Number of protein chains: 2
Amino acid sequence: MKAEDVLKRHGLKATKSRLEVIRVFLDSGGPISHKEIIENSMLRLDRVSVYRIVNAFLKKEIIHNAYSGGRNPLFELTGRGGANHCHPHFSCRMCGKTTCLDGVAFYQKGQLKKGYIAERQKVLIEGLCPKCR
Amino acid sequence: MKAEDVLKRHGLKATKSRLEVIRVFLDSGGPISHKEIIENSMLRLDRVSVYRIVNAFLKKEIIHNAYSGGRNPLFELTGRGGANHCHPHFSCRMCGKTTCLDGVAFYQKGQLKKGYIAERQKVLIEGLCPKCR
DNA sequence: TTTTCAATTGCAACAAAGTTGCATTTATGA
DNA sequence: TCATAAATGCAACTTTGTTGCAATTGAAAA
Ligand SMILES: [Mn+2]
Ligand SMILES: [Mn+2]
Ligand SMILES: [Zn+2]
Ligand SMILES: [Zn+2]
């Protein structure tokens with residue numbers, strides 16, 4: 001499906017900026033930060049607009065927070081290549097790079113105390129990537 | 001073991017500020033932020049000093065980042081009540097409160113690509129707490 | 001196509017979070 | 001007690017994120 005249609009289907013205007021942000025996401029090999037969106041964009045995007053675009057996309061679940069474990073949030077397209085919002089990530093403690101992992105780590109019901117409702121889980125494996133080992 | 005000895009064993013001076021930060025951690029029911037350390041302290045702690053104390057404790061692994069999923073990092077004592085740095089947490093999407101979960105979630109070796117070395121994992125369950133459901 | 005108008009953007013100003021340099025204070029061991 | 005390295009507090013700064021508002025623009029109606 002075309003990016004323009006994705007936006008329209010969510011009631012968002014298909015602006016140049018938004019289409020470019022989606023292009024940057026599609027182009028990226030993993031979760032990216034606000035700053036990386038700006039740096040990898042061909043358009044000159046205002047910082048504030050990027051924050052607003054990211055927030056709009058989050059609300060519609062076009063993207064989701066990948067929970068990097070680092071100081072800045074990382075985002076990725078939801079549903080891309082089977083990427084739901086519950087897949088695990090790997091973060092290298094040397095180079096700081098975060099990548100997607102295949103498969104689904106499962107939540108164990110037995111661990112939750114009574115009264116709590118689990119809706120989703122975030123799993124992060126920390127360690128060393130092939131380059132840094 | 002006394003807090004003073006813990007500090008000295010790591011080669012850190014047992015200052016009033018550091019002992020107070022440890023007291024705040026022991027007093028807390030779960031992972032806490034920089035701001036919460038300051039707010040729950042009986043002493044008047046400078047913001048900068050708290051950042052430096054937290055960083056020193058992190059380096060010595062006296063505390064660790066609990067991977068809250070929220071915008072600010074949360075920290076907790078390492079090894080407290082069997083709390084190693086690999087236990088899962090629960091975060092309520094309504095009230096934002098983060099609590100520790102019992103048990104250990106397992107990392108599945110099969111998911112890691114060749115060349116990657118896993119050292120630890122962070123697991124966060126998101127949902128609703130008993131108060132907010 | 002042209003007009004219209006709410007949605008979106010960019011800018012300025014602000015707020016919150018985190019860092020750095022340096023002078024002063026303090027814990028520790030001699 | 002004294003000397004000294006480590007730690008603290010303060011000021012200034014950077015980075016990250018938010019808000020108000022005027023100008024622009026996409027989309028739908030005329
Ligand atoms: Mn991913
Ligand atoms: Mn915990
Ligand atoms: Zn690496
Ligand atoms: Zn709650």
Side-chain angles (χ1 to χ4, degrees), chain A residues 2-25 31-60 62-75 96 98, chain B residues 2-25 31-60 62-75 96 98:
Chain A
K2 278 166 64 185
E4 199 172 322
D5 299 325
V6 173
L7 292 174
K8 286 186 178 164
R9 202 150 32 82
H10 284 103
L12 298 174
K13 290 210 308 201
T15 65
K16 285 196 209 326
S17 305
R18 285 177 176 159
L19 291 170
E20 174 63 3
V21 170
I22 291 181
R23 190 199 61 73
V24 172
F25 271 114
I32 54 176
S33 64
H34 290 106
K35 187 182 284 199
E36 286 170 308
I37 292 172
I38 293 168
E39 286 168 353
N40 296 329
S41 169
M42 318 293 256
L43 271 56
R44 199 206 68 89
L45 296 176
D46 186 82
R47 220 166 58 82
V48 175
S49 300
V50 170
Y51 278 98
R52 290 199 269 230
I53 289 171
V54 163
N55 286 339
F57 286 7
L58 283 174
K59 183 140 68 176
K60 300 296 186 178
I62 294 168
I63 61 174
H64 61 268
N65 190 320
Y67 289 86
S68 67
R71 193 148 87 57
N72 302 130
L74 299 182
F75 308 98
T98 298
Chain B
K2 278 165 66 186
E4 199 173 320
D5 299 323
V6 173
L7 292 175
K8 286 186 179 166
R9 204 150 32 81
H10 283 102
L12 298 174
K13 290 208 308 198
T15 64
K16 286 197 206 332
S17 305
R18 285 178 177 160
L19 291 170
E20 174 63 4
V21 170
I22 290 181
R23 190 199 61 73
V24 172
F25 272 114
I32 54 176
S33 65
H34 290 107
K35 190 183 281 196
E36 285 170 307
I37 292 172
I38 292 167
E39 286 168 353
N40 296 329
S41 170
M42 318 292 256
L43 271 55
R44 199 206 66 90
L45 296 176
D46 187 80
R47 220 167 58 82
V48 175
S49 300
V50 170
Y51 279 99
R52 289 199 269 229
I53 289 169
V54 164
N55 286 338
F57 286 7
L58 283 173
K59 183 140 66 175
K60 300 296 187 178
I62 294 168
I63 61 174
H64 62 267
N65 189 320
Y67 181 51
S68 70
R71 194 152 19 70
N72 303 131
L74 299 181
F75 308 97
T98 297

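Values below: every heavy atom of this structure, side chains too, minus hydrogens, waters and symmetry copies. Model, not experiment: these values are computed from the prediction. A note on names: the letters A, B, ... follow the listed sequences, proteins ahead of strands, and every chain is numbered from 1.
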Those residues that, when tested against Phe57(A), pass ring pair (Phe, Tyr, Trp, His ring centres under 6.0 Å) (two or more places apart):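 Once residues adjacent in sequence are excluded, Phe57(A) has no partner under the ring pair (Phe, Tyr, Trp, His ring centres under 6.0 Å) criterion.
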
Of all pairs that satisfy ring pair (Phe, Tyr, Trp, His ring centres under 6.0 Å), the ones with a partner from residues 31-50 of chain B, not counting sequence neighbours: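 Checked against ring pair (Phe, Tyr, Trp, His ring centres under 6.0 Å) - neighbours excluded - the pairs reaching residues 31-50 of chain B are His34(B)-Tyr51(B), His34(B)-Phe75(B).
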
- request: With sequence neighbours left out, write down each residue that passes side chain to side chain donor-acceptor pair (under 3.5 Å) with Arg47(A), or none if nothing qualifies.
  value: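 Once residues adjacent in sequence are excluded, Arg47(A) has no partner under the side chain to side chain donor-acceptor pair (under 3.5 Å) criterion.
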
- prompt: Could you state the interatomic distance from CG (Leu74(B)) to CD1 (Ile32(B)), rounded to the nearest 0.5 Å?
  reply: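 Separation between the atoms: 9.0 Å.
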
message: Return the CG to NZ distance between Leu19(A) and Lys2(A), rounded to the nearest 0.5 Å.
response: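 These two atoms lie 10.0 Å from each other.
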
- request: Please name the residue in the list Leu7(A), Leu12(A), Asn55(A) that meets the side chain to side chain contact (heavy atoms under 4.5 Å, CB included) test with Lys60(A).
  value: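 With Lys60(A) as partner, Leu7(A), Leu12(A), Asn55(A) yield a single side chain to side chain contact (heavy atoms under 4.5 Å, CB included), made by Leu12(A).
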
query: 5' to 3' on DNA chain D, which nucleotides open and close the contacts with chain A (atom under 4.0 Å from a heavy atom)?
result: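 Footprint of chain A along DNA chain D, 5' to 3': dT16(D) to dA27(D).
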
message: Any side-chain to backbone donor/acceptor pair from Arg18(A) onto Lys13(A)? Under 3.5 Å, distance only.
response: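 Checking the backbone N and O of Lys13(A) against the side chain of Arg18(A), a donor-acceptor pair under 3.5 Å is found.
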
- request: Grab the CD1-P distance between Ile53(A) and dA7(C) for me, whole Å please.
  value: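 For the pair Ile53(A) CD1 and dA7(C) P, the rounded distance is 16 Å.
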
- prompt: How does protein contact run along nucleotides 10-21 of chain C, one letter per nucleotide 5' to 3', with B for base contact, S for sugar-phosphate only, - for none, heavy atoms under 4.0 Å?
  reply: BBB----SBBBB

task: At under 4.0 Å between heavy atoms, which parts of nucleotides 24-30 of chain C does protein reach? Answer with one letter per nucleotide, 5' to 3': B base, S sugar-phosphate only, - none.
output: --BBS--

Pairs flagged by side-chain hydrogen bond (donor to acceptor under 3.5 Å, both in side chains) wherever residues 3-12 of chain B is involved - sequence neighbours left out: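 Checked against side-chain hydrogen bond (donor to acceptor under 3.5 Å, both in side chains) - neighbours excluded - the pairs reaching residues 3-12 of chain B are Glu4(B)-Lys8(B).
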
Please list every donor-acceptor pair under 3.5 Å in which a side-chain atom of residues 36-44 of chain A meets a protein atom from a residue at least two apart or in another chain.
| unit_1 | atom_1 | unit_2 | atom_2 | d |
| --- | --- | --- | --- | --- |
| Glu36(A) | OE1 | Ser33(A) | N | 2.8 |
| Glu36(A) | OE1 | Ser33(A) | OG | 3.3 |
| Asn40(A) | ND2 | Glu36(A) | O | 3.2 |
| Ser41(A) | OG | Glu20(A) | OE2 | 3.4 |
| Ser41(A) | OG | Leu43(A) | N | 3.0 |
| Ser41(A) | OG | Leu43(A) | O | 2.9 |

query: Can you list the residues that meet the side chain to side chain contact (heavy atoms under 4.5 Å, CB included) rule with Ser49(B), with sequence neighbours excluded?
result: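 Once residues adjacent in sequence are excluded, the partners of Ser49(B) under the side chain to side chain contact (heavy atoms under 4.5 Å, CB included) criterion are Asp46(B).
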
field: Helix axis bend for the helix from dT1(C)-dA30(D) to dA30(C)-dT1(D) - C1'-based end axes, five pairs, 10° rounding
entry: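 Its terminal axes enclose an angle near 30°.
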
